[in-house]
2 protein chains.
Amino acid sequence: MTSDCAACPVRRDSFCQTVPARDLKAHSKKRSFVEFKPRQTVMVEGEPATSLFIVTCGIVKLLRSLPDGRTQIVGFRQAGEYFGLGERDTYTTSAEAISGTRLCRFSRPDVAAMRRALPQLKKYMNRESLRQLTAAQDQVLLLGQMTAREKVANFLMVYGYRAPGDTARPQRLAKLPMSRSEIADFLGLTVETVSRMLAALANEEIIAIGQKTHSVHVLNPVALAGAARPGVAIARHAG
Amino acid sequence: MTSDCAACPVRRDSFCQTVPARDLKAHSKKRSFVEFKPRQTVMVEGEPATSLFIVTCGIVKLLRSLPDGRTQIVGFRQAGEYFGLGERDTYTTSAEAISGTRLCRFSRPDVAAMRRALPQLKKYMNRESLRQLTAAQDQVLLLGQMTAREKVANFLMVYGYRAPGDTARPQRLAKLPMSRSEIADFLGLTVETVSRMLAALANEEIIAIGQKTHSVHVLNPVALAGAARPGVAIARHAG
DNA sequence: CGACTGTTTGATTCATATCAACGTGCGTGG
DNA sequence: CCACGCACGTTGATATGAATCAAACAGTCG
């Protein structure tokens, strides 16, 4: 909590990497820590955008809702990634913690000042905006044109697929911190359909679903890539 | 063609608005004009991104394709809007002229130099990136959660709905320069479904379709907004 | 140990795609 | 100037993928 930014585990993975070491002390003073339990709301679409958040640990979902309750997840944010910045002075998405989460909070004025003071930070954030735009376009392609099976296979390709340290083994472990219903809300499907598609892939021995249900073993990466057919994987941390 | 930027009809509506009048002469030297007939390709996804384009007149569609030919339109660009800039050094979308189109072309290095020289331009483009991100998220919500009817109604709200000068009349004219199949590719539907939804709205006397088929009269704006249900209109020039 | 939440599986329905035919406006060439 | 051909749009019949409805089945937390 009271720890200095110099000791921050995600400093080199977040936009704080652009803050020179000698400015870290001052930097630390600007940020506050906030913690959220699973399912807690971090910010709400349409409300005044007062803060920018950086994920220190845990995972957060960004979402857009329709008045009648339908919701669409437009992206996930993991350790090191930031959210809360948009073109408007109100938030354009809501955000909710998926797992227990610790966030760094910066006020908008402070962020603006930092952008002015640190050209590298400005550059970092501008690049990030463009990356997110590309990711959003990936999701548009996925939602508009892919079948349920392709959507799910793609999701596994993008969000799973991190070797657990050692890459030698043919099967790799996909960790899915989010629930089936969150996967569904991201892919524009229902929970049942997501479950069925996973079951089908498991049936074909392309994947194996762990008993903890949030871990998926990729048994046949080639076949999985084939199921994601289009070959065009959607970029990481879409949205 | 050879006209000076000072006489450009879209100067005040494009990012050139940030170029001081005294620099316009030099600015003119950097840009070249290119023209495209309907259906002609301006740039291709994945190819080296050498240029940035500003639409002078006409309309252009930006699209993403899957290897098997499925294509998704991720945005339209009209007079004054630019495209061709992304996080990568290759284009992230293809672009194709819808109507006969005239574009200003700038080389990437020149754009980079201009950004360096003109802080206002940089600011303009950064804001634009964020606007496009918001628009892309709007499209994600639409594609992921809306019904065919809602999609079409929303499309009319966003892309139509420009009073023909005089706002007094209850019915307004929606001009749709794009074909049914382009609307379909934008909404993630088929041509037939788009046609049926338009027919249904016409049946209910919410709209009336002109004989030229590219113009739609909005007879009952309130009912149209209702059909777009969610109320949350997707932002203009999505993507 | 029992309620609860999340996941899976099954039966059925429904919205939209697909397949097919027809209409219509428009440009082209006779 | 008219007739033909073609691209585009509409309309209809049918098929189907995914949603919905419903129920059983964990794993988890008091």
Side-chain angles (χ1 to χ4, degrees), chain A residues 37-39 61 66 68-72 96 98-100 142-156 174 176-203 207-216 227 229, chain B residues 37-40 61 66 68-72 96 98-100 142-153 155-156 174 176-203 207-216 227 229:
Chain A
K37 300 202 223 347
R39 285 251 137 228
K61 64 182 171 189
L66 260 25
D68 65 359
R70 285 174 280 178
T71 82
Q72 173 69 42
E96 189 179 293
I98 286 182
S99 57
L142 177 139
L143 290 170
Q145 301 298 328
M146 289 193 188
T147 65
R149 182 186 166 91
E150 289 165 345
K151 286 178 178 179
V152 170
N154 248 292
F155 185 81
L156 290 175
L176 305 178
M178 62 292 288
S179 70
R180 295 287 186 268
S181 106
E182 284 158 340
I183 298 174
D185 283 348
F186 181 74
L187 298 177
L189 299 172
T190 60
V191 198
E192 293 97 322
T193 300
V194 170
S195 184
R196 275 184 246 273
M197 294 303 136
L198 287 170
L201 292 170
N203 243 17
I207 63 172
I209 296 165
Q211 44 280 75
K212 61 227 36 250
T213 202
H214 282 271
S215 76
V216 171
R229 242 286 60 72
Chain B
K37 298 200 229 341
R39 286 253 137 224
Q40 276 194 314
K61 62 182 171 189
L66 259 25
D68 66 359
R70 285 174 281 178
T71 83
Q72 173 68 43
E96 190 178 291
I98 286 182
S99 57
L142 176 139
L143 290 170
Q145 301 298 329
M146 290 194 189
T147 65
R149 182 187 166 92
E150 288 165 346
K151 287 177 178 178
V152 170
F155 185 81
L156 290 176
L176 305 178
M178 62 290 289
S179 70
R180 294 291 186 266
S181 107
E182 284 159 340
I183 297 173
D185 283 348
F186 181 75
L187 297 178
L189 299 172
T190 59
V191 199
E192 293 96 325
T193 300
V194 171
S195 185
R196 273 184 247 273
M197 294 302 135
L198 286 171
L201 291 171
N203 243 18
I207 62 171
I209 296 165
Q211 44 280 74
K212 64 235 19 257
T213 202
H214 282 270
S215 76
V216 171
R229 241 288 61 70

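Naming convention: chains lettered A, B, ... in sequence-line order (proteins, then strands); numbering from 1 in each chain.
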base_contact_polar (D/dC8 base, B/Glu182 side chain, donor-acceptor, <3.5 Å): no
Sugar-phosphate, base or nothing in reach of A/Thr190, heavy atoms under 4.0 Å: base
Sugar-phosphate only, base, or nothing, as touched by A/Leu198 at under 4.0 Å among non-hydrogen atoms: nothing
From [atom1] of [X] over to [atom2] of [N], roughly how many Å is that when rounded to an integer?
X: B/Asp185; N: D/dC8; atom1: CG; atom2: P; value: 12 Å
X: A/Arg196; N: C/dG6; atom1: CZ; atom2: P; value: 19 Å
X: A/Glu192; N: D/dA18; atom1: CD; atom2: P; value: 14 Å
X: B/Ile209; N: D/dG9; atom1: CD1; atom2: C1'; value: 10 Å
X: B/Met197; N: D/dG9; atom1: CE; atom2: C1'; value: 15 Å
X: B/Leu187; N: C/dA15; atom1: CG; atom2: P; value: 18 Å
X: A/Arg149; N: D/dA19; atom1: CZ; atom2: C1'; value: 19 Å
X: B/Met146; N: D/dA19; atom1: CE; atom2: C1'; value: 18 Å

Residue-phosphate contact under 4.0 Å: A/His214 side-chain N/O, C/dT7 OP1/OP2: yes
Distance below 4.0 Å between B/Thr213 side-chain N/O and C/dG25 OP1 or OP2: no
Atom pair CZ (B/Arg196) and CG (B/Leu198), whose distance is rounded to the nearest 0.5 Å: 12.0 Å
Closest-nucleotide 5' rank along DNA chain D - winner of B/Arg39 and B/Thr193: B/Arg39
Position toward the 5' end of DNA chain D (nearest nucleotide), A/Gln211 or A/Thr147: A/Thr147
Nucleotide nearest A/Ser195 (side chain, heavy atoms from C-beta), chosen from D/dA18, C/dT9, D/dT11: C/dT9
For B/Met197 against B/Val152, the heavy-atom pair lying closest together: CB-CG2, 3.7 Å
Side-chain touch B/Glu182/B/Leu176, heavy atoms, less than 4.5 angstrom: no
Min side-chain heavy-atom separation A/Lys151-A/Val194 under 4.5 Å: no
Donor-acceptor pair, side chain of A/Glu150 and main chain of A/Ala227, under 3.5 angstrom: no
